[in-house]
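See structure below.
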Amino acid sequence: MKIVFMGTPDFASESLKAIDEAGYEILGVVTNPDRPQGRGMKLTPSPVKKYAIEKNIPVYQPEKIKNNQEFKDQIKKLQPDVICVVAYGKILPKEILEIPKNGCINVHASLLPKYRGAAPIQWSVLNGDKKTGVTTMYMDVGMDTGDMILKEEVTIGEDETTGELWERLSKIGGNLLVETLKQIEKGVAPRKKQGENFSVAPMLSKEMAKIDWEKQTAQQIKNLVRGLNPIMGAYTYLNGKKIKFWKVDIAKEEIAAEGMINIIKNGTVIVSDLKDGIFVKTKDGILKILEIQGENAKKMSIQDFLRGNPIQEFDIFE
RNA sequence: CGCGGGAUGGAGCAGCUGGCAGCUCGCAGGGCUCAUAACCCUGAGGUCGUAGGUUCGAAUCCUACUCCCGCAA
């Protein structure tokens, strides 16, 4: 089977690698144009492009697809049997979807129809879900609305971060894509409608990264920290300085200050100790901070942080 | 030329209006103790990122370079 692959981030390059190593003929790779990125805003190729170049696969990087006749003709000329799309970052118009005779296959990192959209992995962690998965589907013009082919479920660890889950799912996605292609080749691939009971996982916004000590419960804050690690990190302020939390847990230890716990403000540091780290009062429990990052600094363990940046008991995060 | 921060003993930081290199922790040895991650004493460990310059004298001022990090995407 001849394949054209479309995708951009590392999640996609895992799928590309999987089908490449499974021996499928990859006619070409379509990925987003190189973007200025990182310190110095240097132009950086996407992970998918890097892999393609390594394997001498032709790369196409259209700035836009809609009304781009030249690009459509290029793809048509390749005569792919199937187009695999994984986190490409652009909406494909009908004319593209109709090119391959076996259709366009998409790998989506959720158990559809739950979490259609851009950030399914992040939202599954943010919402504290116990399980999620990967789904392959036949694409249609809607946003992740196509008929489903295969699905694989995984459980989310209590302390698992978006980054960790991301990595696991990208590998599973690759395997599932290969399996999907095999079944399509044999003509035994199932096709299931999604139904109407769907939910959407939109792109994450900047504002949601701020911890709301008044409204959020200990578990919600923990989910926020996990869910935004390593993408942007949940943050709060201490004495006017921005502080990011990278790892927190709900304290199971008994804290001595039981008596006053109800009269102090949420976000107050109850215990600050070089050995045990810091404990913070929340709406409904005590949060233990494990990994932290100050302004202009790198992330470090709470113990390291406290040596050079003393935090007093009764300091307040806000 | 996107903006900004930094490079000081094993770790995290202070010192930077130039004048013997410091703090917290860790580490080694000793002491106290039934005991300890607690406490007390002692000690080891740094050519202050690299190369030049200014100066009687530079971690501290100037110049170039290397590396690291945050924002931003």
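Note on naming: letters A, B, ... go to the chains in the order of the sequence lines (proteins, then strands), and numbering restarts at 1 for each one.
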Does the side chain to side chain donor-acceptor pair (under 3.5 Å) test come out yes or no for A:Asn32 and A:Lys90, once each step is laid out?
CA-CA 8 Å; A:Asn32 266 337; A:Lys90 284 185 178 11; 2.7 Å; yes
Counting side-chain heavy atoms from C-beta on, which of B:rC13, B:rG26, B:rA73 comes nearest to A:Met300?
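Looking only at side-chain atoms, A:Met300 lies closest to B:rC13.
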Are more than 12 heavy atoms from other residues, nucleotides or ligands located less than 6.0 Å from atom CE of A:Met208?
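Yes.
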Take atom OH of A:Tyr235 and atom C1' of B:rC71, then tell me their distance rounded to the nearest Å.
13 Å
Taking atom C1' of B:rG70 as reference, at what distance in whole Å does atom CD of A:Glu295 sit?
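A:Glu295 atom CD is separated from B:rG70 atom C1' by 9 Å.
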What is the ring orientation for A:Trp166 with A:Phe11, classed by angle as parallel under 30°, tilted 30 to 60°, or perpendicular over 60°?
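Plane angle over 60°, so perpendicular.
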Determine the Euclidean distance between corresponding P atoms of B:rC56 and B:rU47; express it in Å to zero decimal places.
27 Å
Using the P atom as the reference point in each nucleotide, state the distance between B:rG43 and B:rC23 in Å, no decimals.
13 Å
Select base, sugar-phosphate, or nothing to describe what A:Gln293 touches, counting heavy atoms under 4.0 Å on all strands.
sugar-phosphate
With a 4.0 Å cut-off on N to O distance, would you call A:Asp249 and A:Lys288 a salt bridge?
no
Would you say A:Lys299 reaches B:rG12's phosphate, i.e. side-chain N/O to OP1/OP2 under 4.0 Å?
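Indeed not, no polar side-chain atom of A:Lys299 lies that close.
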Below 4.0 Å: OP1/OP2 of B:rG70 and any side-chain N or O of A:Lys244
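No, A:Lys244 has no side-chain N/O under 4.0 Å of OP1/OP2 on B:rG70.
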Toward the 5' end of RNA chain B, which comes first, A:Asn309 or A:Pro36, by nearest nucleotide?
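On the 5' side of the pair lies A:Asn309.
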